[in-house]
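All values below come from the heavy atoms of this structure, side chains included, with hydrogens, waters and symmetry mates left out. Only a predicted model underlies this, so the values are computations on that prediction, with no experimental measurement involved.
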Amino acid sequence: MYVCICNRVSDKEIKASIQKGATTMRELYKEHSIGSQCGKCCQCAKKLLNSELIKIAETQVQVA
């Protein structure tokens, strides 16, 4: 699905960026210009970012 209609950015593209190492909205903005037009996508993109980062954190090996 499209998260940012203005810049034609899909959830798959955002997830791929997160898998490659993006951890902030600023990084997603630099790569995809998320929120640079109308800004309506920011809330959805932030939720997607947070949920993907949680998934990554849960799969990492706990060392302590």
Side-chain angles (χ1 to χ4, degrees):
M1 97 177 145
Y2 279 107
V3 174
C4 180
I5 296 170
C6 298
N7 295 307
R8 296 185 300 258
V9 181
S10 71
D11 59 334
K12 291 179 184 179
E13 292 173 287
I14 293 173
K15 288 178 182 181
S17 294
I18 296 166
Q19 291 298 320
K20 291 178 186 174
T23 58
T24 65
M25 285 295 289
R26 180 169 284 158
E27 291 171 331
L28 292 177
Y29 173 80
K30 286 180 182 177
E31 188 170 343
H32 302 289
S33 298
I34 296 258
S36 64
Q37 298 287 324
C38 71
K40 291 182 181 180
C41 61
C42 291
Q43 187 175 15
C44 182
K46 183 68 173 173
K47 285 181 184 179
L48 187 58
L49 175 65
N50 288 338
S51 68
E52 289 300 308
L53 290 176
I54 288 170
K55 287 178 188 177
I56 291 169
E58 288 174 346
T59 60
Q60 291 181 347
V61 177
Q62 298 286 327
V63 178

Requested in this report: Output, in order, the C-alpha distance, side-chain angles, deciding distance and verdict of side-chain contact (heavy atoms from CB on, under 4.5 Å) for Gln19 and Ile56.
Outcome: CA-CA 8 Å; Gln19 291 298 320; Ile56 291 169; 3.8 Å; yes
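Between Cys41 and Val9, the closest side-chain pair of non-hydrogen atoms is not below 4.5 Å. The shortest distance between side-chain heavy atoms of Thr23 and Leu53 falls below 4.5 Å. Taking 4.5 Å as the limit, every side-chain heavy atom of His32 sits out of range of all side-chain heavy atoms of Asn7. Annotation: side chain of Ile34 is in contact with side chain of Ile14 (closest heavy-atom distance under 4.5 Å).
Scanning both residues, Gly21 and Glu27, for their nearest heavy atoms gives O-OE1, 3.9 Å. Nearest heavy-atom pair, Ser33 versus Ser36, reported as atom, atom and distance to 0.1 Å: O-OG, 2.8 Å.
Interatomic distance, CG of Leu28 versus CE of Met25, reported as 6.0 Å (0.5 Å rounding). Taking CD of Gln37 as the start and SG of Cys4 as the end, the distance is 7.5 Å to the nearest 0.5 Å. The OH atom of Tyr29 sits 10.0 Å away from atom SG of Cys42, with the distance rounded to the nearest 0.5 Å.
Cluster partners of Ile54: none. The rule joins Ile, Leu, Val, Met, Phe, Trp and Tyr whenever side-chain heavy atoms lie under 4.5 Å apart, and it links nothing here.
Under the 4.0 Å criterion applied to side-chain N and carboxylate O atoms, Glu52 and Lys55 are assigned as salt-bridge partners.
Remark: Asp11 pairs with no residue by the side chain to side chain donor-acceptor pair (under 3.5 Å) rule, at least two apart or across chains. In this structure Glu13 satisfies the salt bridge (charged side-chain N to carboxylate O under 4.0 Å, His left out) test with no other residue, sequence neighbours excluded.
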